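What follows is one structure encoded as structure tokens, with my remarks underneath.
Not measured: the values here are computed from a predicted model.
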Amino acid sequence: MSARPASLSLLTLSAFFALYVIWGSTYFFIRIGIESWPPFMMAGLRFLFAGSVMLAFLLLRGHRLPSRQELCGAAILGVLMPAIGNGFVTLAEKQVSSGVAALVVATVPLFTVLFGRFCFGLRARGREWAGIALGMLGIVVLNLGSNLRTSPMGAFWLLFASAGWALGSAWSRVIVQPKGPMGSAWMMIFGGLALLLGSVVTGEHLAAMPAWQGWAAIAYLSVFGSMVAYSAYLHLLKTVSPAAATSYAYVNPIIAVLLGVLLLGEHVGQQEILAMVIILSGVVLISWRR
């Protein structure tokens, strides 16, 4: 199912803004948060809190509880997207810079189109394939830089996270799941529970009470990175093409790199800058409309 090349509604444009700007800043706040929190624990608390608040609000507004089949769909997507897709990005940021993490996540559109095409029979336009190929060329150039060469495991976790998120994105278009914001809430709840289970299994524990920066990071990630941006993403998955919905992965690195350089003192070399230019060229191809 492809999106119609009609003028976009204000809601859809606002959703794109939330993904491009807010999700771009989450890499910075994840980096701040993991200075005080273990990765899976922080991500789990973030999603469980955000999902629970959204669910309580929706129930107070009179929304019905989902059916068992819808909950099963939400559980699958919750494990793939918030748990794997975000949890392993959080884990990887212990080893790679926030800007480079955002650049690697640019592989999401490639995986999304592949999963959509070969697993769910979704068609992709030629321009989307060309844009994705250009984005992948940017990833190859990125691997020539020093950041990923010194952190191969971090690069692996980022690619694993990208594949999980993309599979969930493609699957979300055909799987039975709760409608609208109720779907966002339950996916975050299931994803948060899966991450907290992973935290227990891997033996994570707090060495000391988190600093105020750690609490502020969780608050920002919960409200803006989860409640606002995640709901915007699910809206786009239903209203635009999969490649356009995941085009945030090409734009987020600009925000992430700028925040990392200006506020965290992260180093960006020539290869990273060249990769960013190539990747941004890819998003032009994907989002271009006649």
Run the side-chain contact (heavy atoms from CB on, under 4.5 Å) test on N252 and V105 for me, step by step, so that the C-alpha distance in whole Å, both residues' side-chain angles and the decisive distance to 0.1 Å come before the verdict. CA-CA 9 Å; N252 287 171; V105 174; over 6 Å; no
Same cluster for V53 and L45 if Ile/Leu/Val/Met/Phe/Trp/Tyr side chains link at under 4.5 Å? no
Side chains of S9 and T12 only: does a donor on one sit below 3.5 Å from an acceptor on the other? yes
For N86 and A43, the nearest pair of non-hydrogen atoms, with its separation, is OD1-CB, 4.1 Å
Can you tell me how far CZ of F49 sits from CD1 of I189, rounded to the nearest 0.5 angstrom? 12.0 Å
Do M209 and I34 sit in one hydrophobic cluster, given that two such residues count as connected whenever their side-chain heavy atoms are within less than 4.5 Å of each other, even indirectly? yes
Separation of L258 CG from L263 CG (nearest 0.5 Å): 9.5 Å
So F156 and F160, would you call those rings parallel, tilted or perpendicular, with 30° and 60° as cut-offs? parallel
Are any of the side-chain heavy atoms of L59 and R64 separated by less than 4.5 Å? no
Is E70 close to K179 at the side-chain level, that is, under 4.5 Å between some pair of heavy atoms? yes
Counting C-beta onward and ignoring hydrogens, is there a side-chain heavy-atom pair between H63 and L55 closer than 4.5 Å? no
Is there side-chain contact between I30 and S98, with at least one heavy-atom pair below 4.5 Å? no
Under a 4.0 Å threshold between the charged nitrogen and the carboxylate oxygen, would K94 count as salt-bridged to E35? no
Find the distance between OG1 (T26) and CZ (R31) and round it off to the nearest 0.5 Å. 14.0 Å
Taking the side chain as C-beta and beyond, is there a heavy-atom pair between W37 and I218 under 4.5 Å? yes
For T90 and P39, which heavy atoms make the closest approach, and how far apart are they? CG2-O, 3.6 Å
Can you see which heavy atom on S226 is nearest to which on M188, and at what distance? CB-SD, 3.5 Å
List the steps, then state whether side-chain contact (heavy atoms from CB on, under 4.5 Å) holds for L264 with I32. CA-CA 9 Å; L264 297 176; I32 295 296; 3.7 Å; yes
Kindly state whether the ring of F88 and the ring of W165 have centres lying under 6.0 angstrom apart. no
Which pair of heavy atoms, one from S25 and one from I255, lies closest together, and at what distance? N-CG2, 3.7 Å
Does OH in Y220 sit with more than 12 non-hydrogen atoms of other residues, nucleotides or ligands closer than 6.0 Å? yes
Residue pair A185 / M54: nearest heavy atoms and the distance that separates them: CB-CB, 3.8 Å
Of all the heavy-atom pairs spanning L134 and I278, show the shortest one and how long it is. O-CG2, 3.2 Å
Quick one, V104 and L159 - any side-chain contact, counting heavy atoms below 4.5 Å? yes
Strictly under 6.0 Å, is that where the ring centroids of W23 and Y233 end up? yes
Flag, side chain of T202 to backbone of S199, donor-acceptor distance under 3.5 Å: yes
Would you check if F47 and M42 make a side-chain contact, meaning some heavy-atom pair closer than 4.5 Å? no
Any side-chain heavy atom of F40 within less than 4.5 Å of one from L196? no
Counting only heavy atoms not in Q213 (residues, nucleotides, ligands), do more than 12 fall under 6.0 Å from its CD? yes
Supply the atom-to-atom distance W186 CH2 to L77 CG, rounded to the nearest 0.5 angstrom. 14.5 Å
